[in-house]
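Here is the structure we will look at, set down as structure tokens.
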2 protein chains.
Amino acid sequence: MTRPPPRQQASRNPPTQKQVAERAGVSQTIVSQVLNGQTDQARIHPETRARVLQAIRDLGYVPNAAARRLVGGRSSLVGVFTYEAVFPSSTRDFYAPFLEGIEEEAARSGLDLLLYTGGRGGRRLPRDLGARLSLTDGTLLLGRPSDQDRRELAALVHSGHPAVFIGRRTVPGADLTCVQADYASATAKLTRRFLARGHRELLYVGPPGPDESALDRERGFAQALDLARVERLEPGHLDHAWLRGALEGGITAFLLENDALMRRLLEVAREAGYTVPADFSAAVLGDAISGEAGDPTWSGLHVPRREMGRGAVQALRLLVAGEPAASTVFPCEIVVGATIGRGPAEAR
Amino acid sequence: MTRPPPRQQASRNPPTQKQVAERAGVSQTIVSQVLNGQTDQARIHPETRARVLQAIRDLGYVPNAAARRLVGGRSSLVGVFTYEAVFPSSTRDFYAPFLEGIEEEAARSGLDLLLYTGGRGGRRLPRDLGARLSLTDGTLLLGRPSDQDRRELAALVHSGHPAVFIGRRTVPGADLTCVQADYASATAKLTRRFLARGHRELLYVGPPGPDESALDRERGFAQALDLARVERLEPGHLDHAWLRGALEGGITAFLLENDALMRRLLEVAREAGYTVPADFSAAVLGDAISGEAGDPTWSGLHVPRREMGRGAVQALRLLVAGEPAASTVFPCEIVVGATIGRGPAEAR
DNA sequence: CTCCGTTGCTAATACGTATTGGCTTGGGAG
DNA sequence: CTCCCAAGCCAATACGTATTAGCAACGGAG
């Protein structure tokens with residue numbers, strides 16, 4: 001009872017253009033031209049075209065993507081490489097919106113996604129990545145590349161492979177297209193909001209080893225202030241003594257670089273008996289993934305991650321088409337949450 | 001200052017085996033054999049091999065995956081096709097563990113993942129999927145295919161393309177390898193647990209249009225009982241009147257097919273003033289994605305989705321290697337939550 | 001009539017790799 | 001010495017597609 005499904009040819013291997021051509025009584029060239037069609041160089045008789053299309057249907061022909069790619073064609077494949085593991089739930093929440101945007105725009109453009117699975121431990125751009133890259137039309141990159149990674153990345157860009165980084169990243173000696181959030185002006189705006197609420201002594205707190213994004217935020221912070229106080233410390237160093245010291249030093253508002261620091265700050269504050277925003281104010285400069293049920297909404301920036309994902313695919317499509325794609329900047333919105341209160345200088 | 005990175009050849013295109021061969025003073029054949037090595041048919045002089053390897057390093061050669069694939073080689077690519085959208089947060093929670101398992105095992109096996117992005121609206125296996133499939137060594141499938149989808153799937157399997165479905169699915173006239181959860185025995189076990197707690201009148205409730213998994217669950221339910229009562233209804237029909245009717249009919253325990261039904265049942269019960277598990281007991285037969293903060297833990301089954309994802313990759317690797325891979329069954333654990341209480345017949 | 005341009009097609013080639021069937025060289029057995 | 005075998009290498013070919021060059025037929029302009 002397991003009769004073979006219809007229009008499945010006896011041949012074990014999928015049919016080729018050659019077989020289609022034989023059936024239609026034409027040459028393989030014509031089959032290719034019927035399929036791609038764009039070359040107005042040669043016009044095809046409508047009747048011939050019909051015969052070819054019929055043969056294609058009869059045989060259930062589908063083009064071989066590998067062969068097509070080999071002759072310099074597009075594979076409609078976009079590689080996605082992440083310098084950190086994507087799926088563990090810790091980072092998944094962060095990367096998911098990017099991936100949503102990427103998937104959405106890729107689907108719209110008829111592109112599939114090639115997810116590079118990291119080697120066991122390290123998340124390095126693998127040595128043989130070139131081989132795997134050769135299947136794709138271009139590559140999207142996320143995460144935090146090391147210096148070594150950046151050098152390899154520079155070589156990749158220099159080889160002409162279209163690549164777009166999501167987040168502002170620079171590599172030595174190459175012009176890497178990025179899709180970035182406008183952290184600088186958003187941070188400046190947020191800082192001015194603190195000023196408007198009467199805060200005068202603000203402290204910017206971030207982890208050590210700032211990357212480009214962090215520097216943008218610092219820049220925006222400094223732009224809005226006469227005196228910009230910045231502290232970079234391990235999250236572990238953010239303890240009772242540190243907080244007390246800061247408050248006694250006159251600080252009334254904290255700008256935290258990521259939500260881990262925010263969480264830490266609120267926890268220390270609670271244990272020490274401080275109330276937010278009565279005793280001090282705070283805001284996160286990354287995307288607040290608070291959402292812990294019951295948590296008050298944190299103030300901070302909303303990074304349009306989904307839109308950035310979509311923009312990255314669009315930029316990559318330009319590069320693939322041979323047009324130069326400049327880096328794009330996406331504005332961030334300010335999230336007015338429950339962690340910003342009145343400062344000592346607010347006009348009543 | 002933008003001097004080209006080292007070991008990047010002047011040639012705009014990546015180096016080929018031919019260029020490596022020229023540099024090493026050998027033929028392209030030798031380069032290929034040095035790289036693949038396995039053919040003991042021809043042994044290569046150690047010195048020659050060294051020269052070739054040196055040339056490969058000098059030029060920064062990487063194999064062209066498309067060409068390799070074209071000649072019948074493996075691409076180390078596994079396709080992942082889902083009949084529903086993956087990234088929307090509603091379904092993401094459900095699919096994420098599968099993808100985690102897939103990614104984990106793929107990484108371990110040195111495989112990358114090709115995510116097929118769905119066409120605009122429908123999530124059908126696209127007509128030209130064959131073209132996109134041709135790049136992969138095999139394909140993993142998830143979701144709920146329609147009858148039409150199943151026919152196309154049958155053709156795919158019949159064409160010899162390795163494919164593994166995650167979840168038990170049957171297709172007409174083809175032997176589809178599946179990685180399935182052992183719903184039948186887990187449901188039977190859960191049902192016996194209800195019996196042990198003194199429940200005698202159990203009702204199985206599922207949505208209309210049961211798929212293979214649902215039938216397995218029904219089967220397990222029926223196995224454990226003399227009289228198995230099954231009701232299939234739209235979630236909207238589960239209202240006060242329905243619940244009252246069931247309880248007045250003597251039902252003391254409900255087995256719900258999915259968490260949407262469970263949520264609905266608990267909501268209706270709360271509004272009607274019933275208490276769970278005092279007034280009746282309940283359990284979910286799918287994976288309970290309760291986790292709503294504050295919710296009591298639901299009783300039900302734990303589907304080992306992560307392990308199933310890994311198992312699917314392993315099965316696919318077998319198929320790709322040419323060995324037949326039988327369908328695999330993964331046992332489900334029973335989750336003892338807060339929604340099962342004492343029944344009228346429990347021995348004290 | 002010749003010349004030329006157009007239409008509609010074919011033959012040939014290139015892409016980069018893996019594999020098959022030789023071809024040479026050297027050495028041991030007879 | 002001849003014969004044979006093995007080691008070590010190369011030339012040729014195939015994979016399926018896109019593209020370029022070119023060929024035959026035809027019709028209109030001159």
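All chains are named by letter (A, B, ...) in the order of the sequence lines, taking the proteins before the strands, and each is independently numbered beginning at 1.
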Residue whose closest nucleotide on DNA chain D lies nearer the 5' end, B/G25 versus B/A67 | B/G25
To the nearest 10 degrees, what angle separates the axes at the start and end of the helix from C/dC1-D/dG30 to C/dG30-D/dC1, five pairs each?
-> 70°
Specify the separation, in whole Å, of atom CG of B/L35 and atom P of C/dA18.
-> 7 Å
Do A/Q28 and D/dA18 have a side chain to base donor-acceptor pair shorter than 3.5 Å?
-> yes
Residues that A/E104 engages under side chain to side chain donor-acceptor pair (under 3.5 Å), provided they are two or more places apart | A/R306, A/R310
Rounded distance (Å) that lies between atom P of D/dA14 and atom CG of A/N13 | 15 Å
Please answer whether the main-chain N or O of A/A325 pairs with a side-chain N or O of A/T177 as donor and acceptor at a distance below 3.5 Å.
-> yes
Hey, could you give me the CZ/CG distance between A/R144 and A/D149, rounded to the nearest 0.5 Å?
-> 12.5 Å
Go through the structure and list residues passing ring-ring contact (aromatic ring centres under 6.0 Å, His included) with B/F98, not counting sequence neighbours.
-> B/F94
Should the ring pair B/Y83 and B/F165 be called parallel, tilted or perpendicular, given that the plane angle runs from 0 to 90° and is split at 30 and 60?
-> parallel
Taking only the side-chain nitrogens and oxygens of A/T16, find out if one of them lies under 4.0 Å from OP1 or OP2 of D/dG16.
-> no
B/H45 NE2 - C/dG26 C1' separation (whole Å) = 14 Å
Contact class for B/T29 vs. all strands (heavy atom < 4.0 Å): base, sugar-phosphate, or nothing?
-> base
Over how many whole Å does the gap from B/N64 atom CG to D/dT17 atom P extend?
-> 16 Å
Using modelled atom types only, decide if a donor and an acceptor are shared between the side chain of B/S109 and the backbone of B/L111 within a distance under 3.5 Å.
-> no
Between C1' of C/dC15 and CZ of A/R74, the distance in whole Å = 14 Å
Please figure out whether A/I30 or B/Q17 has its closest DNA chain C nucleotide nearer the 5' end.
-> A/I30
What does A/V31 touch in the nucleic acid at a heavy-atom separation under 4.0 angstrom: a base, only the sugar-phosphate, or nothing?
-> nothing
To the nearest Å, how far apart are B/R69 CZ and C/dA18 P?
-> 13 Å
Do B/Q314 and B/R317 have side-chain atoms, one donor and one acceptor, less than 3.5 Å apart?
-> no
Taken to the nearest whole Å, CZ/A/R68 to C1'/C/dG16 is 18 Å
